[in-house]
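Notes follow the structure.
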Amino acid sequence: MTGGSISGTNATYQFNGTTNQSLSVLSSLPKVTLNKAGGSLLLQSDLTVTGTLSFTLGKIQTGTNYVIIPSTATITGAADNTGWVRSEE
């Protein structure tokens, strides 16, 4: 996502497609679903998911950033055949 604003306290933000997508956020996101047949979600900032981080298919590449999951949040679907978080450090 380049530019624009994110709003909604219970929205699900879905990332899909076949190419890399970059994400930079200034606040936390309530729900994130990753369903990418190709490419990765490339973090340009830390990503805090306060509700559910769901992996259907695809990877999150953090680079020097972090995926932050508070103790009240959940992760679903993360596995070798669906998706995971990958650090580039």
T82 and F55 have their tightest heavy-atom pair at CB-O, 4.2 Å
Mind checking the [atom1]-[atom2] spacing from [X] to [Y]? Nearest 0.5 Å is all I need.
X: T50; Y: N10; atom1: OG1; atom2: CG; value: 9.0 Å
X: L47; Y: I60; atom1: CG; atom2: CD1; value: 6.0 Å
X: T48; Y: D46; atom1: OG1; atom2: CG; value: 6.5 Å

Donor-acceptor contacts, no H, no angles, side chain residues 34-45, under 3.5 Å, sequence neighbours left out:
unit_1 : atom_1 : unit_2 : atom_2 : d
K36    : NZ     : T19    : O      : 2.6
K36    : NZ     : Q21    : OE1    : 3.0
S45    : OG     : V25    : N      : 2.9
S45    : OG     : V25    : O      : 3.2

Quick one: side chain to side chain donor-acceptor pair (under 3.5 Å) partners of K59, sequence neighbours excluded? none
Determine all donor-acceptor pairs shorter than 3.5 Å in which one atom belongs to a side chain in residues 68-81; sequence neighbours excluded.
unit_1 : atom_1 : unit_2 : atom_2 : d
T74    : OG1    : T52    : OG1    : 3.1
T76    : OG1    : S54    : OG     : 3.0

For residues Y13 and P30, determine if any side-chain heavy atom of one lies less than 4.5 Å from a side-chain heavy atom of the other. yes
May I ask you to test the V67-L53 pair for a side-chain heavy-atom distance under 4.5 Å? yes
